Amino acid sequence: MAQILQRVLWLFMVAVMISAQRTFKTTGLRPQCLGNVIRLTIDKSFTIGGHLEVDAFNGSHYYPITPSMAPTCGYRKTIDPWGNVKLFASVLSCHTQNQDDEDFNMKVRVTINSEQKADKADMHEVSRTCKYNQWASREILCDRDFMEVSVNRLPPPADQAVHPEMEEDQWAAIPETVTSKKSIWRMVFFTPREKSLLLTEAQNLGYFVASTPTRLVIRSRPNTTEIYTENVAGISMNVLRVTTYFKDLWSVTMLDSAAACPTSGLTFTEKTITWYVPRHIHPLLTPNTCETLEVYMGIDGEQLNESQLLSKGYSMSVTDSLIIIELPVGGPDGYYKSCVSQSQYHILYSIEAMVVIVWKEAGSDLLTKYKVLYPITTPLMPRPPHVIANTVPEERVFDVVLGTFHQDVILMNITFSTGVLTVVEANARGFNVQEFRFPNGSKTFSLRVPFSDPVVLKSSPKRELTTYTLSLIFGLVVLPEQSPFSHPAVLDVTLQDVVFPVVTGTCDDENYYITVAHEGHGNDFKYIVGKRELTADLASDYSVRVNATHMTMRVSFLSSDAVFTFVIPTAAGGRLDFKVNDPVNKWSLTDFSLACTFPMPLTECQPNGTMTALALKVESAPNVIPSQLTLIDKSCKPVFSNDRFASFSFTVNTCGTARTFLDDFMIYQNQITMPNQGVKNGKTGSQPEYRLTISCYYVNDDIKMIPFVPKARGIDEDLTQIGTGEMRIRMRIARDFYNTFYSEENYPVVEYLRRPLYFEVELMDSTDPELELFVESCWATLTNDRQSTPRWDLIVDGCPNQDDRYMATIHPVTADDRVQFPSHFKRFDMKMFSFVQDNVVLRDQIYVHCDAAICDRNRQSDGFCYRPCSSHPDNQPSNFKSSQSNAKFSPRSRGQLSSGRILVSK
Ligand SMILES: *[C@@H]1O[C@H](CO)[C@@H](O)[C@H](O)[C@H]1NC(C)=O
Ligand SMILES: *[C@@H]1O[C@H](CO)[C@@H](O)[C@H](O)[C@H]1NC(C)=O
Ligand SMILES: *[C@@H]1O[C@H](CO)[C@@H](O)[C@H](O)[C@H]1NC(C)=O
Ligand SMILES: *[C@@H]1O[C@H](CO)[C@@H](O)[C@H](O)[C@H]1NC(C)=O
Ligand SMILES: *[C@@H]1O[C@H](CO)[C@@H](O)[C@H](O)[C@H]1NC(C)=O
Ligand SMILES: *[C@@H]1O[C@H](CO)[C@@H](O)[C@H](O)[C@H]1NC(C)=O
Ligand SMILES: *[C@@H]1O[C@H](CO)[C@@H](O)[C@H](O)[C@H]1NC(C)=O
């Protein structure tokens with residue numbers, strides 16, 4: 001520790017004399033006279049950025065004050081952590097100009113060699129003359145680095161010299177020249193054995209020996225071999241005792257010099273430094289005969305009076321054997337210094353105390369003035385930094401304070417989980433790294449890191465909790481020696497950031513698509529599809545994909561885990577229920593339903609009379625077993641079934657299909673039912689479990705959509721499913737008697753006047769033998785507009801127009817290769833004619849139009865299909881008919897037929 005301190009405080013440089021002279025300035029260079037000590041303070045502003053060199057002037061030359069010569073010459077230089085330098089010099093130092101042992105002039109030159117301006121060093125000279133004439137017979141100056149004793153070598157003035165009890169009366173007789181330095185014959189050191197040395201030998205051993213006008217000065221390092229230690233009142237002391245022999249021709253004169261300086265006597269507590277100094281230092285004094293005249297203390301070589309002691313919290317007490325000085329740790333005259341020891345942050349406190357004692361030898365006027373300059377440094381005090389987490393979790397920002405440190409510590413960098421950032425980089429990233437200084441000079445560092453930053457690690461030990469962890473290593477250094485140290489910190493905050501899965505879904509025409517955002521907790525959840533848990537087997541059926549954040553799946557609309565909710569003729573409505581559970585806490589986290597409409601024809605009606613129907617098991621009929629469904633004819637079973645649906649395909653003249661003719665269309669109807677097998681309320685249910693009416697609406701020409709929207713249904717209500725179909729009727733003209741026919745591309749058909757044209761009207765495609773085609777009316781017009789005039793009726797109410805001179809003839813139809821169902825055909829002929837007005841042929845072309853209808857052969861009573869033809873052979877047909885058509889049938893939407901253009905051949 002002492003070595004560290006030494007290094008810190010003591011920076012000497014080997015002198016490089018620069019001859020360049022510069023303007024001297026003395027601001028910041030402050031020499032002060034403190035009795036037998038001169039203190040030069042050099043402000044840190046001088047030393048910043050350079051190496052300080054101090055040279056002492058001996059009157060003609062400058063001598064660099066080097067670490068090796070300083071103790072011997074009576075100098076000590078200290079430097080505090082901020083660069084303030086103090087140079088303590090004895091007024092009897094090697095280079096001081098001594099004027100009659102009263103005025104002492106110290107002149108030094110301060111040089112700052114900076115690397116920036118290597119050729120031009122900054123030089124400042126300072127000179128101070130201190131008056132000190134209160135010399136005691138013996139003055140002892142104990143410094144950390146040296147021990148100095150000076151004794152009066154001249155006899156006292158005549159009036160004092162003659163003292164009755166004075167034994168060594170030769171004092172008075174000795175001339176001054178005898179005790180000058182050049183007459184020193186030898187020096188005897190007491191170690192405590194006597195050791196005799198010549199002056200030159202002593203000087204070679206590092207002793208400084210000098211004669212001033214009135215005094216003999218001896219100075220030594222505290223560790224020379226002739227110095228011995230002695231315990232005085234429990235305090236260890238270095239003792240220097242030497243007798244100097246001056247030799248003249250006839251006489252030998254002896255002078256005793258002694259110094260004893262304390263090397264121990266300190267105790268420390270966290271708050272107080274106690275310094276014990278023996279009150280009577282035996283090696284210096286005649287036992288029991290001396291008297292303590294004065295005791296005072298000081299700091300930095302400067303005496304303090306009572307009120308100063310009090311105000312600064314110092315105290316001094318004197319007991320029989322000890323002087324006890326108490327100094328508070330942290331007092332204003334000292335300073336704290338940061339240190340790194342074993343990678344840990346420590347501090348120490350330094351202060352330089354002083355004690356002065358004046359003794360008087362009993363029965364004489366011989367005074368001893370004893371001064372100790374005692375730099376004190378506490379042991380290292382560990383100050384492990386504290387991490388204060390001021391985080392308010394709701395703000396979601398870590399707020400960290402690290403402290404406290406002394407001002408000689410700076411924060412260099414911070415190591416995060418992701419790497420090291422310098423303070424500048426951390427601030428650039430928004431961490432707001434700040435230094436806060438207290439009035440007492442201590443400081444703290446703070447930073448703020450948002451939870452959302454990637455340096456913050458997130459973990460979720462439990463699904464409903466999220467732990468945010470910030471791990472940091474603060475990289476710090478102590479100035480000025482740049483000792484690095486670090487302090488780790490781990491902060492965590494756990495928040496109830498419950499992760500709820502977010503379920504979304506969409507559909508296309510055949511599938512449900514479910515997406516679950518699980519925030520990494522996919523494995524913590526249990527999924528229920530419909531009523532089943534999503535097992536691994538099911539997962540592959542449903543193309544389940546899982547990544548770090550999401551789970552997706554696809555479920556066919558026909559899947560047994562989905563349900564059908566309603567049917568409309570062209571679509572089925574379905575729903576997929578999906579639940580997410582927390583199996584650990586047995587919590588249901590989400591309850592999700594995805595309802596979609598899937599377009600699909602449920603009942604299809606073919607022109608040839610084939611009906612297909614899909615019976616879906618809807619949610620409201622849970623007991624339906626699709627395979628047990630039948631049509632009205634119980635032998636008609638599904639062509640395919642599974643647990644979701646049954647499909648039927650049958651022709652309209654089978655399976656009990658009912659046929660209904662309405663004015664505008666024809667309906668085939670059947671029912672899909674499931675027999676009620678259970679026994680309800682004691683009686684076998686007569687109501688079927690399920691009844692779905694399926695209908696095919698055949699509209700002669702136009703397709704009619706009859707929308708069917710299901711109401712909320714009980715099981716007793718019928719389900720109805722309606723399809724629409726188209727029945728095609730065509731009218732053709734035969735080339736002969738119904739063997740070959742004109743086709744589309746043969747038009748216009750050309751025929752001679754009064755030649756017969758053979759028409760055939762046919763219900764196409766249908767295989768229903770129960771249908772009868774009825775040709776209700778036919779007429780001819782001049783243009784292709786069937787409503788136009790002039791018009792000529794050919795068939796009226798299913799009978800040939802009685803008014804017609806060229807009356808149409810209806811031909812019965814019999815089965816043959818081409819005609820499978822004769823009732824599906826009607827044939828008639830007419831004689832070719834042309835429209836004439838006032839005996840002028842209007843145009844030699846005609847169009848023939850018919851209205852046809854489809855009737856039920858078995859229900860002749862309810863239709864108009866089977867009205868008998870009345871016969872009026874006597875009626876003269878007129879050439880022209882009224883344009884009024886038969887209003888009775890006109891609103892009906894019949895099968896409307898028209899021939900193409902028929903030309904009269906010339
Ligand atoms: C200063 O030191 C030099 C060299 O040692 C010496 O020659 C000179 O006399 C000294 N000056 C004084 C005033 O002692
Ligand atoms: C005394 O101490 C100084 C500095 O600590 C050292 O340079 C010197 O060698 C020591 N002398 C002896 C005799 O131990
Ligand atoms: C103590 O010293 C201070 C500063 O030198 C001075 O102002 C004060 O008057 C002195 N007090 C006494 C009691 O001597
Ligand atoms: C300086 O003040 C701060 C805040 O009051 C305190 O925490 C710290 O311990 C003080 N430092 C010293 C060395 O007294
Ligand atoms: C961080 O600062 C410390 C000083 O405390 C230093 O030792 C270390 O090398 C620095 N790290 C980086 C990467 O700069
Ligand atoms: C995980 O899947 C979801 C949904 O398919 C997708 O949006 C996301 O980008 C995927 N994430 C990763 C890391 O692959
Ligand atoms: C009726 O037409 C459908 C579709 O063209 C066909 O699948 C079916 O076999 C036909 N049925 C009959 C009896 O011809």
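Whatever order the structure lists ligands and atoms in, that order sets their numbers, starting from 1. Residues take their numbers from the sequence shown, with the count starting at 1. What you see is a predicted model; the values in this text were computed from it and never measured.
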Please name the residue in the list Lys579, Arg532, Arg554, Arg575 that meets the salt bridge (Lys or Arg N to Asp or Glu O under 4.0 Å) test with Asp561.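 Checked Lys579, Arg532, Arg554, Arg575 against Asp561; only one passes salt bridge (Lys or Arg N to Asp or Glu O under 4.0 Å): Arg532.
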
Under a 4.0 angstrom heavy-atom cut-off, which atoms of ligand 4 come close to His406?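 With His406 as reference, the close atoms of ligand 4 come out as 13 (C).
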
Which of the ligand 4 atoms, numbered from 1, are nearer than 4.0 Å to a heavy atom of Ser442: 1 (C), 10 (C), 11 (N), 12 (C), 13 (C)

What residue pairs, at least two apart or across chains, pass salt bridge (charged side-chain N to carboxylate O under 4.0 Å, His left out) with a residue in residues 375-386? Glu270-Arg383

Any side-chain heavy-atom pair from Lys271 and Val329 closer than 4.5 angstrom?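 Side-chain contact under 4.5 Å: no.
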
Beyond-backbone contact of Phe57 with Tyr63, side-chain heavy atoms, under 4.5 angstrom: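 No, every pair of side-chain atoms sits at 4.5 Å or beyond.
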
Which pairs of N or O atoms, one from ligand 1 and one from the protein, are separated by less than 3.5 Å, and what is the distance for each pair?
from, atom 1, to, atom 2, distance (Å)
ligand 1, 2 (O), Asn58, ND2, 2.1
ligand 1, 2 (O), Tyr63, OH, 3.0
ligand 1, 5 (O), Tyr63, OH, 2.8
ligand 1, 11 (N), Asn58, ND2, 3.0
ligand 1, 11 (N), Ser60, OG, 3.4

Between Thr214 and Asp101, is any side-chain donor less than 3.5 angstrom from a side-chain acceptor?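 The criterion, which ignores hydrogens and geometry beyond distance, is satisfied for Asp101 and Thr214.
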
Validation: residues 436-443 side-chain donor-acceptor distances under 3.5 Å, sequence neighbours left out:
from, atom 1, to, atom 2, distance (Å)
Arg437, NE, Glu435, OE2, 3.2
Arg437, NH2, Glu435, OE2, 3.4
Asn440, OD1, Ser442, N, 2.9
Asn440, OD1, Ser442, OG, 3.3
Lys443, NZ, Gln407, O, 3.3
Lys443, NZ, Val409, O, 2.8
Lys443, NZ, Glu435, OE1, 3.4

Ring geometry between Tyr345 and Phe485 (parallel below 30°, tilted from 30 to 60°, perpendicular above 60°):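 Because their plane-to-plane angle is under 30°, the rings of Phe485 and Tyr345 count as parallel.
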
Asn440 to ligand 4: N or O pair under 3.5 Å? yes

Hey, is ligand 4 close enough to Tyr336 that some N/O pair sits below 3.5 Å? no

Can you name the residues that form a ring pair (Phe, Tyr, Trp, His ring centres under 6.0 Å) with Phe592, not counting sequence neighbours?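 Partners of Phe592 by the ring pair (Phe, Tyr, Trp, His ring centres under 6.0 Å) criterion come out as none, since no residue qualifies.
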
What about Thr515: any of its N or O atoms under 3.5 Å from an N or O on ligand 6?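 N/O-N/O distance under 3.5 Å: no.
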
